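Everything below concerns the one structure shown next.
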Amino acid sequence: MKWLVAALLSVVVSVAGSAASTCLESGLPPENRSYLQDSNGQELALGLLEYDWPSARLVTQIAAILLEEQLGYHVSFEYRTSSFIESLRQLAGCAEGQGTGILGPGPDGVPRTVQGDVVRPCSAEVRCHVALDSPVGRNEFTQLAFRAATPFTSPEDVGSMGYFSEQNLAVSSTIHAAAYEDSGLALDYYLTYNQSLMNKYKPLFKPTAYFDELSGVDRAEIFECTDAGLEFTDPIKMAAYVNWTGDEDGVVRQADGSYAARCPDGRFWLAPSCRHNASECIPTFTSGNGWLADAFMQWATHHGIPLAIGISRSSELYVRHVSQFRSLFIWWLPDTTLREVSPLAVRLPVHDVREWAVGNKRTAAAGSAVRKLVSADLRVRAPRAQRFFARMSFRFQELQVLLDEVGSAEESEEEAMREIACKWVKENGLTWEGWVPRRTDCDAGFGLVNYQGDFVSSLESAVSCKPCPSGHFSDWTNTSGGISGGSYVCVACPAGSFQALPGKSLCDDCALGHAADEAGATECGLCDVGTFADQEGSTACKSCGDDTWTTKELAAVDVDQGHGSNGGGARRWIEVRGAVSKDVCSCVEGRHFWQGQCELCLEGATCLGPTNLTLDPGFFAFAEDHNTVFRCFGSSRRCPGGLPGSCSPGRDNQSLACAQCLPGLHDNYDGSCVMCDDVDWLILAVLASLLFLVPSAVHAFTLAMQLTPVGHSLMEVTFGVGQMVTSAQVLVIMQQGIQWGEPFIRLLESLEFVSLDFLWRIVNSVNCVVSFTPELRFFSQSLLFPSIFLLVPMATHVVYVRCWRQGQTQQFHLLRKTLGSLSVLFFIPALSSLLAPFRCDVHPSDTRTMQVYESVECDFSGSHLRMCLMGGVVSLCLLSFLVFVFWLVYVELPKRLEAFDVEFLRSFSFLWARFRPGSEAFALFFLVRNAVIVVSPLLPSSFSSLFFIKFVLYISFCAIAFFKPLRTTATLYLELVIHVGFMVILDMGMLFMPQEDTSFVMVACMLVSLLVLLVILLMVAQAVFQKCRSTYRKQFHFFISHQKSAAGSLARLFKVELSKCGFRCFIDCDDLTDLTRLFSYVSQDVETLAVLASGDFLTRKWCVGELVTARLHGVKTMLVALPDFTMPDERFVASYTSLAPKIKELAVYGIGMAEIHETLLWLGTLEKFDLQWLSNDPIPEVVSWLTGMRGHSPNRLPLTKNSSASTDLSVTRVVSNMSECLILCDTTNMEAMAAAHVLYALLGVKMMELSMKTTLRILLGEDEVFGSGESQVLFLCTAGCLEVKQVASCLVQLNLESSWILPVLAEDSFQIPTFHEAKLSYDIEGVDMERYSYMLEAAFHEISVPFTPRSSNARQLDLQAKIIAERLTHSHHALRTKHITSSQELAGLVSPMTSSGEGLQGLCEDVLSPMSPVPTSPAEESEAATPAEEVYLEL
């Protein structure tokens, strides 16, 4: 029971509390009220803005009660202001500084502030949603200007408050009564204030006597006239004042030309009637921003009223000023602010609407509309509140009564207003119930929705309203047959109409050029290009045709003013969307209208669509066939472009691509055709003469050069000229693949003089005699001109033989040389000319014509077929020439070299004269390369042909760079530079050429990539194979490590001896082609490292590196210690870096000092053989020790001091009456002894090959050196050998009558002795120095030959031995006859010898010596000698 009582008590308390917080007993309590939602979804109360006057505050209080208790909204009083513009800002959501100070539209129609700035749109969150009792009537311009500046956020006017506001100039009842009692005149009439009028009728009456003077007003409480936003600074109102009153003294002109009120003291504006004396002015107060101040000014001026107008700084100050001072003031109704002073309105002339409309405010002010303003978003956020405000209305008398009650109330004004507002709500329910809308009373722009928020069309299922979305409109529906039973529902806009904004009551029809094919469109789609809509409300755009049609209009194009244009006049066709007529339809760009269809515009033509086809310069089309376009290849200037059928002057427009001139005309340089004149005949005669003179001059030059030796410089000049001509010809070929631009195209055109096409174009004057058909021209160009070039030298040679060589040899080899030179020189242009029928240009219409003969189509019929057959037959001649060159190089040349056929070599020197011996095959390589370059333009695309040319140049460049086939270094480098230049030109040109065949490019890239990968795989496979092979079978048995300067000849001797035993030996002179592979040979490719350790062996970095590599990789090492070698000790190892400073360079090969020190100490553990070359030959013993074949020595001649002891090999060479050949060397020099043994081994083989009847032996001591036969001595000259007693003793024993000495230079450092008065400059004990000098002087008159086993490879030594053997076969002069004491006689001896057969060997010394400057590639050093090398030396 207790809990029930408690529950009842809580209910009673709750109801009592709720009733206490609401005005109406049935009002909704705060907890049941709802909030609005801001843009961020936060709760937002419905904001009310109060104007700072009683009527506005009272009606706002009434609206707040009904909004809270009947509509259920949370309400807040957000802002209070007396400024109308500020109320607009708050309702529009303007941030600080936005939308302030708007006066109205400026001269250009743009809304402006009081400072003249353009108004900025408002974008802040709206907090104030409604402003009641808004003085719209007297601020109409301000409202319009604000709406123009902020069209989307400007407040919405939802109707009148039901009454008008009255504003008047007023006077207090007290002042009025006093004046009436004194004079009987009423101060509530405007003429009473006109002192001039009063002076006429009432001279003693002064209206100003009833008012206070202006000096008593505190100026600080009055606005300055220049403050922003006041009526005094409104430029529009002040301009109207000046315009209708003419009082320019009452205003001041601003810097921008506008007007503002002139206030002498800065606070009060003085009327003209009292401006001369401010004390006679009546103080007049207004409030706000100067309400009716401009009207007061016009009234004062028009009617002579002495006003001093000021604006109170606040409404409180305004009330105080009116109450304290006897003054005039503004008075408005409904209001109770000035109730205590009982104002009386000053009666003015009746209001004239028309005058006020134009700014003339001479008459009284009219009642201004008082309206209700709501924020633009209230319709969406609170539609019921918006409808409530739209219905809300009061009567003037009713509101004034309420205001009187407020004014007479004892409590504060705020409390009185709340009580009176609540009282009115309670007593006038029937009035405001019509204001409160039902939830289903939808306004226009809204529609019914159900509980789920979905739009419905019947009231039965509807619960509220919501704005219609975009694409819909609200339509009235009446379900009960009466107005009260209906509402608005949202309906989708039908097809052909649209609505872009939500909350609208109508849909707009689609404009012309637009269409909407579905209902509910938010916008009409713009007709796409190629379609149009010629009716409003279209549901679909009409098509112009298929995709070849479009819509275009001729539009003006802005022209850059900086180029001197007037900015207009330029027009062009542009594609447009939204076409409104079929007349706009035309062909798309790239097509032209032809025979009722939009035909495709080919390359070379310009088709804008609406106009006819026009040709670009360089293109041609027949007038009767616009669809077939030809490019004017060659000279594009013959086709000027324009309309079809246009050609340059003098050309036949019925010929394909304007290729032919009209009869009687010939080509001109500018593309036109001109009449023949005398200059053409002169050019024809001169060129015909040159056609015969040039070949004759070439052959004459060949004949003349046979009598003059060809020097090195002249040879380079000849080769350079040939390379220049060939380069020019290749550039002409390259021109066929790329459309080069300026200025490079000019260079290419200037190089065309080397082509037969150019010759024909030069002699086009022959057209003046007879008109050549393309077939006849091709025949002349491909057969006639080459025949002339070959027949003229023949005729020249016949004349030469008959006139200058009567009865002598015919010298046909010179004729062959000339013909061959011309054939090689013009091989490229001749082949290019013959391939002309197969080189065709593709025109935009896919028609193919010959590149050279533009009027012939490439269809393999008619003229083209005959030209193809002719070119193919003549091309067999060039193919035969290539076969002939192949036969010469690979078949005939080796035979002729063996036979020393010098005449053959000279006849065909045009092929191989510029190549080094052994590189004759490059003559054929170059011809084939050139032929491939010429053929490459026949490939299907320009890109593929240029790619192929570049690929051929890559191969040629690599081959030339690797084999170095050219004779001179200058021509070699020149050829490489030419290749690089061509490849750079091609690379740059291919970047700018059209990619007409991208598939070929991709295939080429793939093939090159695969080739690179294949090379990499092959290299890896080869390395793996080498590694596997080196594991089981080494490439070399021995690696002979030695110091070249101390044991080079000895190392060569060991290789010779070990090779006889069947062992493969590595020696750097023969087998090392890449220094970086030196250590890899030691580690991977040899079984045994044989070390010839000389005195300085351990100070050479390469030698030490070989030792370290052998130790680290476990290679067997055997040490042969020479006499001056000392085994390293601890002291040597400690100071090693100072003894061998360059040893640190081995670090780049991964060899450090620690490994080197360990290797030096490791030497003491190796097997060692101490080599001492005293009286016996130690070589067999060393070889046996190295090979492990004890007791076995190679098949060689034992070397003893006694020639009779010569057995074995020497014995087999002895025949009856043999001459003797002795090898004399310095026996004290181990290197000299080794060189002698090497010469002995190699020379013995050559002597057997030549079947020489000569005994060969080495002199080992001071034995008797002459025998019964002729003695021939091969004197091995080494450094210091002439001062050795053994050498001197042997030489002085020679028989002067039967002996012959051939100096053999075995060392590069040997110096030929000088003789002073036929004696040497030194003495040798026990030697007849006079005879010794005599013998040496006679010996060195013989031309020496080189034999340097220390620095030469096996091939060079073999060739040197062969030369020595051939010198031994020639007849010789005895030593006595050789003794010539004068250098002049010596010079006379040398010349005949070089011109005889001995000159070959002498010249070989220079070429085949290791000191020769002629470069040789590593590959050539390992090849066998060829006879061509020797024969070339003779040439």
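What you see below is based on every heavy atom in this structure, not just the backbone, and it leaves out hydrogens, waters and symmetry mates. A quick note: this is a predicted structure, and the numbers were derived from the prediction, not measured. Numbering of residues begins at 1 and proceeds along the displayed sequence.
- A salt bridge links D1085 to R1077: one of the charged nitrogens lies within less than 4.0 Å of a carboxylate oxygen.
- With salt bridges taken as basic N to acidic carboxylate O contacts below 4.0 Å, none links K1246 and E1366.
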- Does the pair M1233 and C1225 meet the rule for a side-chain contact (heavy atoms from CB on, under 4.5 Å), with working shown? CA-CA 7 Å; M1233 289 291 292; C1225 66; 3.6 Å; yes
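- Remark: the backbone N or O of G1095 is paired with a side-chain donor or acceptor of D1124 at under 3.5 angstrom.
- If you check the side chains of S1094 and Q1043, you find a donor sitting under 3.5 Å from an acceptor.
- Put simply, the side chain of R929 never gets that close to the backbone of L924: no donor and acceptor are under 3.5 Å apart.
- Taking the six-membered ring where tryptophan is involved, the planes of F1310 and F1340 are essentially parallel, since the angle between them stays under 30° and well short of 60°.
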- Task: Start with the C-alpha distance between E1342 and R1367, add both sets of side-chain angles, then the distance that settles salt bridge (Lys or Arg N to Asp or Glu O under 4.0 Å), and finish with yes or no.
- Result: CA-CA 11 Å; E1342 188 72 33; R1367 290 287 294 275; 3.0 Å; yes
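- Of the possible polar contacts, none joining the E1106 side chain to the V1104 backbone as a donor-acceptor pair under 3.5 Å is found.
- Note: F1039 and F1066 have parallel aromatic rings, judged against thresholds of 30 and 60 degrees for the angle between ring planes.
- Note on ring orientation: taking the six-membered ring where Trp is involved, the planes of Y1149 and W1102 are perpendicular (angle over 60°, cut-offs 30° and 60°).
- Ring pair F915/F926: centre-to-centre distance below 6.0 Å.
- Here the two rings, on F1125 and F1097, have centers that are 6.0 Å apart or farther.
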